[in-house]
Structure formats: C-alpha cells, structure tokens
Undergrad: 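There's a structure below that I have some questions on.
For the numbers below, each heavy atom of this structure counts, side chains included, while hydrogens, waters and symmetry mates do not. Counting starts at 1 for both ligands and their atoms, following the listed order.
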Amino acid sequence: MNYISTKGNYPPVDSATAIKFGMVPRGGLFVPESIPAIDFDRLRGMDYGGVAYEILRLFLTDFSEEELKDFIAKAYNGERFDSSRIVPLHFLDDNTSILELWHGPTAAFKDLALQIMPHFLTTSARKLKSSREIVILVATSGDTGKAALEGFKDVPGTRIIVFYPKNGVSDIQRLQMVTTGGNNTSVVAVDGNFDDCQNMVKSIFADTQYNAILNNHGFELSSANSINWGRLVPQIIYYFWAYLGMVEKRSVFIGEEINIAVPTGNFGNILAAYYAYRMGLPVKTLICASNINKVLTDFFESGIYDKNREFFKTSSPSMDILISSNLERFLYEISGHNALKIQRWYNELVKDGRFKVDQTTAIRMTELFVGGFADEKETFDEIKRVFDNYGYLVDTHTAVGINVYRRFREESGDNTPTVIASTASPFKFNKAVYRAVTGDDSIDDEFALLEKLSEIGKMDIHRAVDGLKDAEIRHKLNISTDEGRRVIKEILNIK
Ligand SMILES: *Cc1c(COP(=O)(O)O)cnc(C)c1O
C-alpha cells in the first residue's frame, strides 16, 4: 500500500515513510492510495489483537506479520489496559451502546493510538536506515502529553520531552506527567501559556542549525502529531470491534447497518470511523458531535468552513478546536482524490480563514454525515440524565456525543442501533462530572472529587489517576520560554 499527498505535491511513498515523515514535506497529509476492503466474516470470534492485526496488515504492508503482531502484543494487553477486552462496549439499552475508549494508561482514547504508534515509528526509522535516536518533542495543554509519555516510555531508540504550561494544566494533569517513570522520559514546566509552549516547540523544529547540531550528536527530532497516519490507522480497529460486540449482543445481525456518533475536535476519531465504513463496515449515519466551538456543525450544514469566529473555552477542552486538521483527508476522499480542489480550499483557509466546497462535494458529505453540537448546559444536563436513567457516569466529551445523538434520534425518528464513542473516563473530568450530577460546585480538591465520584458512581477510581497524590515527583525542570534549546541539549547530554 502506498501513500499519497492530499495536495498532490509529493510522489507516492510506502507506509514506513509516511509514518516517519508524519506530514508531507511540502505540506499536505498522507492518505492511502486506495482503501482496502475487509472480509468481515474473518473477524468473527477474534479478540481485540486479532481484529487489530487484520486491519493493520492491510494498511502497513511493509511491516512483517511478526512485527505487527509484536507491536499489538506490546500495546494492547491486560497490563496496559484495565479491561481484558481492551475496549469494552457498555449497553445503555438494546439500541444504544457506549464504546469505552478509556481503559488505557491515561484514561483517554488517545492511548489506543499512542500505545502502538511509537513501535510503528521506531521500526519505520529502522527500515529507512536511520540510525539516529528519535527525540519526540511535545507541547501539551494536558492530556496529549501524558498519553505520549506513556506510549514512548522505555521504547528503545526513543526519547520523549514534554513541555507544559506551568499554570495552564490541572493538578491531576500535572501530577500525571511529573510522576511518569521510564528511563527516556522528560517533562518540563514552562513559564507561559500553552501557545507559548507550542510556539517554542515549533520554532525548535524549524531551526535547521539547531537540528544539525542534534543530528551530529546522533539525535533526530520528531513529533507524535495527531495527523500522522500512524496515529489514525489504529483508530479504525475499534469501530470494527464495536460492531462485533453489537453482533455478539444480538443488537444487530451481521450486515445490518449501525450509526456511529463521535465527539470530535480535530476530526481524527470520526475520520477513522469513515475509513472503517469505506472498508466495508455497515454504517448508515456518522454523527459528528461538537461543543460550542461548532465549526464542523456549521460546515456540514452549509458547506462553508469558517474559523473566523469567537473561540470558547468549554468543559470539554479536548474539543476546543477551530482548525480540524484531519478534515482535509476526508475532503480529499469524497472529492475523488481531487488535489487541486484541496489546494484551493486550504489556500483560502490560510488566506481568508474560510472556504466553501462546491455543490457536488457538499451533497456527498451529507450523504453519510450529520453534524450537531451541544452547548455547556446541554452537556451538563446530559451527564445528569444519563446518570439518572442508567446509573452510568460519562465525562463531558462523551456527554456531547450522547446529547447530539439523542437529539438526532428524536428529530429524525431514526432508531438504527447506535454506538457512541466515549473518549475519556469520567474521573478525568471529575469536577465537571461531579457538578453535573450533584449540582455541587463547592469542592475544588481534585482528590476529594475522585473519592466522591467513585462513591456515587459505584466505580473504582481509574488507575490512571488513583494514587497520584502520594506518587514520587520525578520531573522538576522548569524553564522560561527562551530556554527550550538549552534544556533539550542538557537532557540529551550535549555539551
Ligand atoms: C482528543 C480528544 C477528543 C477529540 O478527538 P479528535 O480526534 O481530535 O476528534 C475528544 N475527546 C477527548 C477526551 C480527547 O482527548
């Protein structure tokens, strides 16, 4: 399988190169040249690792069977995930199920990709005869940093350095990061906000002179960016897995269509569902759920993507995004691989902050997708409704997905069996969830909130956040925004 650029500006490359590069060097995103079909019957009765292999082998064709099975065994096992099913399916009723994507080491769905992607990356580098050690730089506003740390921790041939805004993350997020073990991990507090961290990291990536120094010392910078194909492809697996779970529960018979609802920001998770559909998963409607940063809802309604709008900070912060990077891949797919159109639209996005797709594309994209959004009140009310009706706690992101889906069903009368992607554990957004369920906004201590939530939800505290209070602090570096280059050299022991 070869990979081509959405902007038509690069020759086809193999999967290892697409993963090693992350982005197309001249701008653009790598997509598979064609979308393989899957023989669905083969998957029946398989465990998560088995399904994973059947999907990955179709896309990562220059990795051997032995390599892929080794990565899968290392990533998706009962030690790293606190469920033997890896991604369990929780049925609210006969027709509605919740795909719990948060049983990994950091309690959010990014683990499903970041537990396996480091293996893709190091093996790709080896295949491409690169002998340098890979140094992953991450600027984080909280969650991605920890998921990347856990993914790269102790992976041979890699180092990972995470920068976070000193006063810009929650107590739990900070403790999750600074208590990380492993012999190749570093976590650095930066005096500044998230944008400062991001700008610092970007400028380091772009500094050719500095990169040359690192290269001479046997290091090579890389990112674990969410637009890397190596992060997207593992996400296709769990949509097939969900379907098999629904078949097993007799919620659907094999071949019957389902709906999938996904709370989204960057359009990554729902794009993986789209690829699953293109591979043969029987899907009727993909429901794209946003919070009040509803740039995607408006896009599916009007065909106009417009990021010129007020930006809101919400209780579902991982979806507070105005540029949905992975949308470019989707538009490339539905426009019939029309790179000229993609170039035009994305040039307009850079220049004017908006673009409008043509009529044919607009019709095509709404054949399968509907968009919707939930505001803050709807999100909180949904958490309470789900808890009151089903005794089940959901986090704010998941609540956005459930709310948008419920209103879609009420308005359309569509009773197709539906799975909703649950992207984080309720313990991860404990304050909002506790407030939603009890109306009590008086407790600020996050550790007290975990206990309370555990009591009312009759659930064990997720191990990703349990015991953090007393864990050893292993990372104490603290820098100003102009000390990034120095601290990286110090960490890599470059004089
Ligand atoms: C990253 C994230 C999302 C958004 O996922 P996309 O792939 O960007 O659409 C949703 N919920 C949670 C909890 C996340 O961490």
Undergrad: Near Gly268, which atoms of ligand 1 are under 4.0 Å from a heavy atom of that residue?
TA: 6 (P), 7 (O), 9 (O)

Undergrad: Start with the C-alpha gap between Tyr238 and Phe109, add the side-chain angles, then the distance that decides, and say whether side chain to side chain contact (heavy atoms under 4.5 Å, CB included) holds.
TA: CA-CA 10 Å; Tyr238 48 71; Phe109 93 94; 3.4 Å; yes

Undergrad: Taking C-beta and beyond as the side chain, do Thr379 and Asn403 meet within less than 4.5 Å on heavy atoms?
TA: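 No, their side chains stay 4.5 Å or more apart.
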
Undergrad: Do any nitrogen or oxygen atoms of Gln235 come within less than 3.5 Å of a nitrogen or oxygen of ligand 1?
TA: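 In fact, backbone or side chain, Gln235 has no N or O that close.
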
Undergrad: By number and element, which atoms of ligand 1 are closer than 4.0 Å to a non-hydrogen atom of Ala424?
TA: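 Answer for ligand 1: 13 (C).
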
Undergrad: Report the nearest protein non-hydrogen atom to atom 3 (C) of ligand 1: residue, atom name, distance rounded to 0.1 Å.
TA: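 In this structure, atom 3 (C) of ligand 1 has Phe109 CE2, 3.6 Å as its nearest protein heavy atom.
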
Undergrad: Test of understanding: given a 4.0 Å heavy-atom threshold, classify the contact between Phe267 and ligand 1 as side chain, backbone, both, or neither.
TA: backbone

Undergrad: Among Ser226, Ser318, Ala147, which one has a heavy atom closest to atom 4 (C) of ligand 1?
TA: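 Heavy atom nearest to atom 4 (C) of ligand 1 belongs to Ser318.
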
Undergrad: Which residue owns the protein heavy atom closest to atom 13 (C) of ligand 1, what's the atom, and how far is it?
TA: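 Nearest protein contact, heavy atoms only, for atom 13 (C) of ligand 1 is Thr423 OG1, 3.4 Å.
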
Undergrad: Please report which non-hydrogen protein atom sits nearest to atom 7 (O) of ligand 1, along with the residue it belongs to and the distance in Å to one decimal place.
TA: Asn269 N, 3.0 Å

Undergrad: Geometry only, no angles: is Phe429 polar-contacting ligand 1 at N/O separations under 3.5 Å?
TA: no

Undergrad: Below 4.0 Å, non-hydrogen atoms only: which portion of Lys428 touches ligand 1? Side chain, backbone, both or neither.
TA: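 Contact part for Lys428 vs ligand 1: neither.
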
Undergrad: Would you call Val370 and Phe408 a side-chain contact if the rule is heavy atoms closer than 4.5 Å?
TA: yes

Undergrad: When His119 is tested against each of Tyr76, Phe63, Phe71, Phe152 for ring-ring contact (aromatic ring centres under 6.0 Å, His included), which residue passes?
TA: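 By the ring-ring contact (aromatic ring centres under 6.0 Å, His included) criterion, His119 pairs with just one of Tyr76, Phe63, Phe71, Phe152: Phe71.
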
Undergrad: Any idea which heavy atoms bring Met1 and Ser34 closest together, and the distance?
TA: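 That closest heavy-atom pairing would be CE-O, 3.2 Å.
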
Undergrad: Roughly how far apart are Ile116 CD1 and Asp111 CG, rounded to 0.5 Å?
TA: 12.5 Å

Undergrad: Can you report which non-hydrogen protein atom sits closest to atom 9 (O) of ligand 1, along with the distance?
TA: Thr264 OG1, 2.6 Å

Undergrad: Quick one: which ligand 1 atoms are inside 4.0 Å of a heavy atom on Lys110?
TA: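 Close to Lys110: 1 (C), 2 (C), 3 (C), 14 (C), 15 (O).
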
Undergrad: Inspect the surroundings of CZ in Phe355 and state if more than 12 heavy atoms from other residues, nucleotides or ligands are less than 6.0 Å away.
TA: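 Yes, because the 6.0 Å sphere around CZ of Phe355 holds more than 12 heavy atoms from other groups.
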
Undergrad: Can you confirm whether the side chains of Asp306 and Asn308 place a donor and an acceptor under 3.5 Å from each other?
TA: yes

Undergrad: Nearest protein heavy-atom contact for atom 6 (P) of ligand 1: which residue, which atom, what distance?
TA: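 Of the protein heavy atoms, Asn266 N, 3.7 Å lies nearest.
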
Undergrad: Starting at CG of Asp143, measure out to CD of Gln173 and round the result to the nearest 0.5 Å.
TA: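 Going from CG on Asp143 over to CD on Gln173, the span is 4.5 Å.
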
Undergrad: Say whether Asp143, considering both its backbone and side-chain N or O atoms, lies within less than 3.5 Å of an N or O atom on ligand 1.
TA: no

